[in-house]
Amino acid sequence: MPPCLEIKLTLSDETKTYDCELLHYESGLGILRYVIDRAYDVHGVKLSPGDETIALYWEDRPYTLYVWRRQAAQDTAYYFNIADRISLTPQEFLWRDLAVDILVDQAGVHVLDEHELPADLDDELGRSIQKTKEHLVESHRAIIAEADAVVLRFAPPET
């Protein structure tokens with residue numbers, strides 16, 4: 001797979017860059033693969049080295065979606081990043097992380113990191129984040145079903 005950079009900007013003006021594999025690119029939609037290189041614990045979801053992130057990006061949606069394929073647990077978890085300024089090219093996927101995330105796992109739906117929003121957040125941006133959060137909580141099942149179909153097409157699980 002060809003390499004592609006994921007470049008994530010934060011509300012605190014940090015930039016985080018990840019080396020990924022480009023699985024699919026078309027106008028407005030991109031899919032990356034990232035193999036987890038260290039242990040993470042995200043609200044009780046344990047990610048281990050070798051687990052896979054299949055990341056979906058839409059230029060016309062206010063979020064990205066990480067599909068976590070966990071080898072040890074033999075399951076999948078879904079992690080929505082509320083986002084804006086999503087710009088995709090075959091060489092780099094650039095986006096701004098708006099702090100609030102939605103985790104969907106076997107235990108349910110969890111809204112994460114609202115405490116990371118800055119106190120001086122622009123009112124309009126705050127309303128946009130709130131609206132997107134409500135949309136994802138209400139519509140996550142349909143979005144996940146759509147994403148699963150896309151992932152199956154471009155990144156079928158290894159057997």
Side-chain angles (χ1 to χ4, degrees), residues 1-38 40 42-43 45 47-71 73 75-105 109-113 116-117 124-125 128-159:
M1 297 294 159
C4 185
L5 293 178
E6 179 196 41
I7 303 171
K8 177 171 78 168
L9 310 173
T10 68
L11 288 173
S12 60
D13 290 327
E14 287 181 70
T15 300
K16 298 178 181 180
T17 303
Y18 301 92
D19 293 315
C20 301
E21 297 173 14
L22 179 65
L23 295 180
H24 178 72
Y25 171 79
E26 64 186 66
S27 181
L29 170 67
I31 305 170
L32 297 178
R33 178 179 181 264
Y34 178 78
V35 178
I36 304 290
D37 60 356
R38 60 188 168 114
Y40 293 92
V42 182
H43 197 73
V45 173
L47 300 172
S48 302
D51 289 348
E52 238 182 3
T53 300
I54 305 299
L56 293 92
Y57 306 79
W58 298 267
E59 287 182 318
D60 64 347
R61 296 187 189 187
Y63 56 85
T64 67
L65 174 59
Y66 294 165
V67 179
W68 288 331
R69 293 176 172 167
R70 302 186 314 149
Q71 294 175 350
D75 71 0
T76 303
Y78 302 87
Y79 191 83
F80 291 93
N81 300 280
I82 296 179
D84 68 0
R85 302 181 186 169
I86 299 169
S87 175
L88 309 176
T89 71
Q91 295 76 34
E92 74 178 32
F93 288 20
L94 176 69
W95 62 287
R96 185 170 71 155
D97 184 352
L98 299 179
V100 179
D101 305 304
I102 310 294
L103 170 65
V104 181
D105 64 5
V109 179
H110 316 275
V111 177
L112 308 177
D113 302 333
E116 293 181 11
L117 291 172
E124 186 176 336
L125 183 57
S128 175
I129 292 168
Q130 179 66 26
K131 181 180 175 184
T132 301
K133 177 184 83 170
E134 291 169 0
H135 170 70
L136 291 171
V137 168
E138 292 170 8
S139 304
H140 68 275
R141 285 183 184 87
I143 298 166
I144 287 171
E146 174 193 11
D148 280 345
V150 171
V151 168
L152 188 60
R153 185 169 159 212
F154 294 106
E158 295 179 10
T159 54

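Positions are given from 1, in the same order as the sequence printed here. Basis for what follows: all heavy atoms, side chains included, without hydrogens, waters or symmetry-related copies.
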Does any pair with a residue in residues 79-95 pass salt bridge (Lys or Arg N to Asp or Glu O under 4.0 Å), and if so which ones, sequence neighbours excluded? Asp84-Arg96
Within residues 7-19 or reaching into it, pairs that qualify as salt bridge (Lys or Arg N to Asp or Glu O under 4.0 Å) - sequence neighbours excluded: Lys8-Asp97
Before you tell me yes or no, could you show the steps for Leu32 and Leu22 under side chain to side chain contact (heavy atoms under 4.5 Å, CB included), namely the whole-Å CA-CA distance, both residues' side-chain angles and the distance that decides it to 0.1 Å? CA-CA 5 Å; Leu32 297 178; Leu22 179 65; 4.0 Å; yes
Would you confirm whether [X], through its side chain, and [Y], through its main-chain N or O, come within 3.5 Å as a donor-acceptor pair?
| X | Y | answer |
| --- | --- | --- |
| Thr89 | Gln91 | yes |
| Ser128 | Glu124 | no |
| Gln71 | Gly50 | yes |

Working for side chain to side chain contact (heavy atoms under 4.5 Å, CB included), residues Leu103 and Trp68: CA-CA 11 Å; Leu103 170 65; Trp68 288 331; 4.0 Å; yes
Should [X] and [Y] count as side-chain neighbours, where that means a heavy-atom distance under 4.5 Å?
| X | Y | answer |
| --- | --- | --- |
| Ile54 | Phe154 | no |
| Arg70 | Leu47 | yes |
| Leu9 | Thr15 | yes |
| Val104 | Phe80 | yes |
| His140 | Ile102 | no |
| Pro157 | Leu152 | yes |
| Leu125 | Leu11 | yes |
| Leu136 | Tyr78 | no |

Between atom [atom1] of [X] and atom [atom2] of [Y], what is the distance when rounded to the nearest 0.5 Å?
| X | Y | atom1 | atom2 | answer |
| --- | --- | --- | --- | --- |
| Ile143 | Trp58 | CD1 | CH2 | 7.5 Å |
| Tyr57 | Tyr63 | OH | OH | 14.0 Å |
| Glu138 | Lys133 | CD | NZ | 11.0 Å |
| Ile86 | Arg61 | CD1 | CZ | 10.0 Å |
| Cys4 | Ile31 | SG | CD1 | 12.0 Å |

What is the minimum heavy-atom distance between [X] and [Y], and which atoms define it?
| X | Y | result |
| --- | --- | --- |
| Ala147 | Leu65 | CB-CD2, 3.5 Å |
| Leu88 | Gly30 | CD1-N, 3.5 Å |
| Ala83 | Thr64 | CB-CG2, 4.3 Å |
| Ile36 | Glu52 | CG1-N, 4.4 Å |
| Arg69 | Val151 | NH2-CG1, 3.1 Å |
| Ile82 | Ile129 | CD1-O, 3.8 Å |

Check against side chain to side chain contact (heavy atoms under 4.5 Å, CB included), Tyr34 and Glu6: CA-CA 10 Å; Tyr34 178 78; Glu6 179 196 41; over 6 Å; no
Test of understanding: with salt bridge (charged side-chain N to carboxylate O under 4.0 Å, His left out), list the residues that count as partners of Glu21, not counting sequence neighbours. Arg33
Would you call the rings of His43 and His110 parallel, tilted or perpendicular, taking 30° and 60° as the class edges? tilted
Parallel, tilted or perpendicular: rings of Phe93 and Tyr25 (30°, 60°): tilted
Would you check if there is a donor-acceptor pair between the side chains of Tyr18 and Asp37 at a distance under 3.5 Å? no
For Leu112 and Val42, what are the C-alpha separation, side-chain angles and deciding distance, and is it a side chain to side chain contact (heavy atoms under 4.5 Å, CB included)? CA-CA 9 Å; Leu112 308 177; Val42 182; 4.2 Å; yes
CD of Glu26: more than 12 outside heavy atoms within 6.0 angstrom? yes
